[in-house]
Number of protein chains: 2
Amino acid sequence: MSAAKENELGRRDTGTLGKLMVLLDVVTHADGPMRFTDILALSDQPRGTLHRQLSHLVEEGLLEIDADGRYSSGLRLLDLASRSWARNEFRLIAEPHLRALQDLTGETVHLGVLRGSSIIYLDKFEGQQPVRMYSQIGNTSPVYCTGVGKAALSILPRERVAALVADLAFHQFTANTHTADTLLAEIEEIRKQGHAFDREEHEVGIRCVAAPIWSENLSLVGGVSVTGPAYRLTMERLSEWAAPIRKTAEQIREAMRIGLGPRR
Amino acid sequence: MSAAKENELGRRDTGTLGKLMVLLDVVTHADGPMRFTDILALSDQPRGTLHRQLSHLVEEGLLEIDADGRYSSGLRLLDLASRSWARNEFRLIAEPHLRALQDLTGETVHLGVLRGSSIIYLDKFEGQQPVRMYSQIGNTSPVYCTGVGKAALSILPRERVAALVADLAFHQFTANTHTADTLLAEIEEIRKQGHAFDREEHEVGIRCVAAPIWSENLSLVGGVSVTGPAYRLTMERLSEWAAPIRKTAEQIREAMRIGLGPRR
DNA sequence: AAATAGAGTTCCAAATAATAGAACAGAATA
DNA sequence: TATTCTGTTCTATTATTTGGAACTCTATTT
């Protein structure tokens, strides 16, 4: 009797799955393991219902429950994600170019894609020091305070950027973090330049240059970036790298066009 | 009218979620993107039903569909998994000990947990060379051909091992890969020794030593291993490392007992 | 030690979502 | 143009999920 197949945000209804994913998100985004009652307080479901939903998630390995009855996210996710990552076409195509860019600059190179209003990091190449890689891969950051995020926005149609920015909550991470107005202004600048800087907007002492990568129909929008400590990456240095990073982005874009071109 | 809440394997029914997870598994385990018809052939659902299920998975970001209508696993999984990994208590507790073991041996150190009949790798520490880390983390390997797997089995009650082995399909990866009989025999040996070797049983040219780690009630069963190329890791060398690796495992076990001890 | 409160689990009729099958549409092929 | 193959939409039927209450177990209070 009700009606709509879409909710107010234009997302289509995903029925039972949608409700379970909300729970999975709640537990996964929590600071630590949650007790049944904690989750109950955040979900507007009756106890019996919530109990069954959590049981199903646990049974499937998406959540785990410890000896104290506290829920945390399950390792099944790791298995699924590692396969997803290993086979990701964008990442596979970009890999050699990222490696080359890392060799050229000696600094950390990231590959990211736009998903909703966040950038999700798909890959990372660091220099000499054996660093924890997983620490970044899979992480998400807001679009408005990362080089890749701003670069990605710069190639979207203005109305899409406006809609996206309108729904955004701007958290001020540093003194340089954008607000809606300054962000929109800078996007215009980036459109002309073809590359974006992150001037310690997310983390004090960290700067980066980024260039956008996109597929023909915008089904994939992302970017590459070179990141490093501000003392080493002066703005002059970053500006010098703008050209090579745009070139890398261009090469990846071209490789994807070919890679995806022949319809099998 | 039917009846059972459990299926033949003792797994409880997870309703709609279970059906969707089967699909997610099918797509995730495939070699490449799958077309609708490919999935239809593997699932015993009617077309209309399958179509809606896939739509829901795509809408939630668990699957993605490309311009050619081919399905592959979605990046939402990466985000969820990276959080799951970052907060994993076992991994956090084990980290310093793994690092120390890596320093001591100079070879690759793995942390794994038993999940069903597979070992899922939770962490990895390599030496000097900046190697792709994600390449192993989240990967799963059969219990019967990994050091960590055999070590883990050795601390399970015999009847659980027997049940697990009975359900296993033994794929012969190398000339040294175990069969059910040789595996059960070796498990007995490992019980006495306290450590397990992988004598090129999974991959030719790769050897390892592993020791089990487990929580009091066996809610967590896993192990640490030191892995490397056979030319460098002679059996003598591996035997020398058996004691330190057992000690590392013991330290992690103790740290977990304390870490999990005080019930908050 | 008994009583009480808190947390989690189980149960079942009612509400809702998923299903099966057929009809429909679009693209590729003959 | 006709035909087949692939994917999408629709609807009555069926199955699952829901919500609320009753129940169990454990910790806390009197």
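Proteins come first, then strands; the chains are lettered A, B, ... in the order of their sequence lines, and each starts at number 1. This one's a predicted model, so the numbers in the text were calculated from it and none came from an experiment.
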Could you tell me how far apart [X] ([atom1]) and [N] ([atom2]) are, to the nearest whole angstrom?
{"X": "A:I39", "N": "C:dA7", "atom1": "CD1", "atom2": "P", "answer": "14 Å"}
{"X": "B:L20", "N": "D:dT17", "atom1": "CG", "atom2": "P", "answer": "10 Å"}
{"X": "B:D38", "N": "D:dC5", "atom1": "CG", "atom2": "P", "answer": "15 Å"}
{"X": "A:L54", "N": "C:dT9", "atom1": "CG", "atom2": "P", "answer": "9 Å"}
{"X": "B:I65", "N": "D:dG7", "atom1": "CD1", "atom2": "P", "answer": "9 Å"}
{"X": "A:Y71", "N": "C:dA7", "atom1": "OH", "atom2": "P", "answer": "14 Å"}
{"X": "A:E59", "N": "D:dT17", "atom1": "CD", "atom2": "P", "answer": "13 Å"}
{"X": "A:L40", "N": "C:dT9", "atom1": "CG", "atom2": "C1'", "answer": "13 Å"}

_When the axes are fitted on five pairs at both termini, how much does the helix from C:dA1-D:dT30 to C:dA30-D:dT1 curve, in 10° steps?_
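The two end axes of the helix from C:dA1-D:dT30 to C:dA30-D:dT1 meet at 30°.
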*asked:* Under 3.5 Å, is there a donor on one side chain and an acceptor on the other for B:S215 and B:N217?
replied: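 Their side chains do contain a donor-acceptor pair, which is all the 3.5 Å distance test asks for.
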Please tabulate, for the side chains in residues 47-56 of chain B, all donor-acceptor contacts under 3.5 angstrom to protein atoms that are two or more places apart in sequence or on a different chain.
unit_1 : atom_1 : unit_2 : atom_2 : d
B:Q53  : OE1    : B:Q45  : NE2    : 3.3
B:S55  : OG     : B:H51  : O      : 2.7
B:H56  : NE2    : A:D13  : O      : 3.4

inquiry  = Once rounded to the nearest 0.5 Å, what's the spacing between atom CD1 of A:I213 and atom OG1 of A:T248?
reply    =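 Reported value, rounded in 0.5 Å steps: 8.5 Å.
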*asked:* Nearest 0.5 Å, please: how far is NE2 in A:H110 from CD1 in A:I137?
replied: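 Separation between the atoms: 8.0 Å.
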| field | A:R76/B:D25 salt bridge by N-O under 4.0 Å criterion | value |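 Yes, charged N to carboxylate O under 4.0 Å.
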query: Between A:K247 and A:E250, does at least one N-O distance fall below 4.0 Å, as a salt bridge requires?
result: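 Here A:K247 does not pair with A:E250 in a salt bridge, since their nearest N and O are not under 4.0 Å apart.
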Side-chain N or O of B:T37 versus OP1/OP2 of D:dC5: is the shortest distance under 4.0 Å?
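Answer no for this pair, as no side-chain N or O of B:T37 is under 4.0 Å from OP1 or OP2.
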* Would you say B:H51 reaches D:dG7's phosphate, i.e. side-chain N/O to OP1/OP2 under 4.0 Å? ->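 Answer is no, no contact under 4.0 Å.
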With the threshold set at under 4.0 Å for non-hydrogen atoms, list the residues of residues 21-30 of chain A touching DNA chain C in residue-number order.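 Listed by number, there are none.
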Any chance CD of B:E216 has more than 12 other-residue heavy atoms, nucleotides or ligands included, within less than 6.0 Å?
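Atom CD in B:E216 is not crowded, with 12 or fewer foreign heavy atoms closer than 6.0 Å.
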Legend entry - Aromatic ring proximity, centroids under 6.0 angstrom, B:Y144 and B:F170: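 Between B:Y144 and B:F170, which both carry aromatic rings, the centre distance is below 6.0 Å.
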query: Can you name the side chain to side chain contact (heavy atoms under 4.5 Å, CB included) partners of A:I155, sequence neighbours left out?
result: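 Only A:P212, A:W214, A:L218, A:V221 meet the side chain to side chain contact (heavy atoms under 4.5 Å, CB included) criterion with A:I155.
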Taking all atoms of both residues into account, what is the closest heavy-atom pair of A:S73 and A:V27, and its distance?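 Looking at all heavy atoms of both residues, the closest pair is N-CG1, 4.0 Å.
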N/O donor to acceptor pairs below 3.5 angstrom from side-chain atoms of residues 112-120 of chain B, sequence neighbours left out:
unit_1 : atom_1 : unit_2 : atom_2 : d
B:R115 : NH1    : A:E64  : OE2    : 2.2

Counting primed atoms, P, OP1 and OP2 as sugar-phosphate and everything else as base, the B/S/- map of nucleotides 18-24 of chain C against protein heavy atoms under 4.0 Å is SBBB---
